Amino acid sequence: MIGDPVRHSLSPLIHNAGFSARGLDWAYVAFTVIDGDVPRALDGVRALGVRGLSVTMPHKEAVAEHVDELTEAAAALGSVNCVVNRDGDLLGDNTDGAGFVAGLRHELDMDPGGLSCVVVGAGGAARAVVAALADAGAARIGVLNRSRERARTAVELAGATGSIATPTDLGEADLVVNATPVGMSDDAVPFDPSLLHAGQSVVDLIYHPLRTPLLLEAEQRGCRTANGVSMLLFQAIAQWEQWTGVEAPVEQMNAALRAAVGENGRLPGNC
Ligand code: NAP
C-alpha cells in the first residue's frame with residue numbers, strides 16, 4: 001500500500017488476515033510515499049515484481065496518470081485505489097464503488113436496482129458511489145453537495161439517472177449516503193436529519209466513529225443504518241481477489257477488521 005499518511009491504516013490487517021486464512025505465503029505492508037514520488041514508487045513495483053498495490057490519499061489521481069492501463073471504473077473516475085502488476089504491465093482499478101455496493105448487500109441485504117438514492121458529497125468517495133449505484137441499476141441518483149460545480153461532475157457519472165438534489169429529495173429517497181467527512185471529528189450532521197423517516201436506509205461512509213451523529217439521528221427516526229466498515233472491507237476484498245486469483249475468506253477478513261475497530265472505532269486515517 002502506498003499513501004501519506006498510512007500509519008493508522010487498517011488495510012494490512014484485513015489483507016494479511018486473508019492470506020493467513022487461505023494459507024498464502026504473502027505479505028501486505030504499508031509504505032509512506034510522499035507527494036511527487038508516485039512514478040518512482042510504480043517503477044519500484046515493476047522492478048521488484050510486487051504483485052499489487054493499494055493506493056490511498058493523496059495518490060489516487062497521480063497513480064491513474066502513471067499506470068499502463070486503467071479499468072473502466074478507474075478511467076471514469078480518474079482515480080486508482082488498486083494496482084495489479086501483470087508481468088511489469090500495471091493495471092489500475094478502482095474498487096471503492098464496487099466495495100460500497102457489495103457492502104450494502106452484505107450489511108443491509110439491499111440491492112440498489114430500481115432505488116431512488118441521494119448521495120451527499122461530491123468528492124472521491126461520493127463519485128465512486130454515484131458511478132457504482134448507476135452501474136447497479138439505481139433508478140434515480142441525486143447529488144447534494146456544498147459546491148454545486150463539484151456536484152455537477154459527480155452527477156455526470158450517473159448518466160441519465162443523475163441530477164443535482166435538493167434537501168427535499170432527502171425525504172423522498174430510499175437510500176441516503178453521506179460521503180462527506182462531517183461527523184468524523186465533530187458532532188455535526190451533514191444535513192437536517194428531521195427530513196429522514198422510517199422506511200429509509202442511511203449509510204454513512206465514515207467508520208470512525210462507528211456511529212456518527214447522523215446515524216444516531218437516523219436510527220431515532222426508524223431508518224435502517226450502516227457505517228463505512230463494510231465498504232472498507234469489500235473494497236479490500238475486491239483488490240485481494242484480483243491479486244491472488246483466489247476467492248477471499250470474507251468471514252475471516254471481516255472478523256479481523258471488526259475486532260480491530262471495536263465498539264469505539266479507531267483513530268481516523270487513510271483506509
Ligand atoms: P473528499 O474527496 O475530500 O470529498 C469531501 C466531500 O465532502 C466534498 O464533496 C466536500 O464538499 C464535502 N464536505 C467536506 N466538508 C464539508 C462540510 N463541512 N460541509 C459540507 N460538505 C463538506 O473526501 P473523500 O475521499 O470523498 O471522503 C469523504 C468521506 O468518505 C470521508 O469521511 C472518508 O473517511 C469516507 N470514506 C470512506 C471509505 C470507506 O471505505 N468506508 C472510503 C473512502 C472515503 P465540497 O466539494 O464543497 O468541498
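Counting convention: from 1, in listed order, for ligands and their atoms alike. Everything quoted here is computed from the prediction, not taken from an experiment.
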* From the options Ser79, Ala179, Ala151, select the one whose nearest heavy atom is closest to atom 6 (C) of ligand 1. => Ala179
* To do: Please report the C-alpha distance between Arg258 and Glu107 in whole Å, then the side-chain angles of each, then the deciding distance to 0.1 Å, and finally whether the salt bridge (Lys or Arg N to Asp or Glu O under 4.0 Å) criterion is met.
  => CA-CA 13 Å; Arg258 304 274 167 182; Glu107 189 89 11; 3.4 Å; yes
* Shortest non-hydrogen separation from Ala236 to Ile14 and the atoms involved -> CB-CG2, 4.1 Å
* **Side chain proximity check, Val119 to Leu144, heavy atoms < 4.5 angstrom** => no
* Asked: Can you list the atoms of ligand 1 that are under 4.0 Å from a heavy atom of Tyr207?
  -> 39 (C), 41 (N)
* Looking only at heavy atoms, is any part of Met231 under 4.0 Å from ligand 1, and if so is it the side chain, the backbone, or both, or is it neither? -> both
* Any link between Ile141 and Phe100 through a network of hydrophobic side chains (Ile, Leu, Val, Met, Phe, Trp, Tyr) touching at under 4.5 Å? -> yes
* Does Pro190 have a heavy atom less than 4.0 Å from any atom of ligand 1? -> no
* Asked: Centroid-to-centroid, Trp26 to His15, below 6.0 Å?
  -> no
* State yes or no: are the ring centers of Tyr28 and Trp240 separated by less than 6.0 Å? => no
* Taking Asn227 for its side chain and Arg211 for its backbone only, find out whether a donor-acceptor pair lies under 3.5 Å. => no
* So, does Val182 sit close enough to ligand 1 that a heavy atom of it is under 4.0 Å from the ligand? -> yes
* Contact (N/O only, under 3.5 Å) between Met184 and ligand 1 -> no
* What atoms of ligand 1 come closer than 4.0 angstrom to any heavy atom of Ser147? -> 47 (O)
* Asked: Does the pair Arg152/Glu156 count as a salt bridge with the N-to-O cut at 4.0 Å?
  -> no
* Could you tell me whether a side-chain N or O of Glu61 sits under 3.5 Å from a main-chain N or O of Val80, the two making a donor and an acceptor? => no
* Heavy-atom proximity to atom 24 (P) of ligand 1, best of Gly103, Ala236, Ala125 -> Ala125
* Asked: Just distances here: any N/O of Ala122 and N/O of ligand 1 closer than 3.5 Å?
  -> yes
* Nearest to atom 15 (N) of ligand 1 by heavy atom, Gln235, Lys60, Glu149, Arg146: which? -> Arg146
* Can you sort out which atoms of ligand 1 are near Gly228, meaning under 4.0 Å from one of its heavy atoms? => 39 (C), 41 (N)
* **From Gly124, Ala126, Gly121 - option closest to atom 2 (O) of ligand 1 by heavy atom** => Gly124
* For atom 45 (P) of ligand 1, the option (of Val129, Val119, Asn145, Ile206) bearing the nearest heavy atom -> Asn145
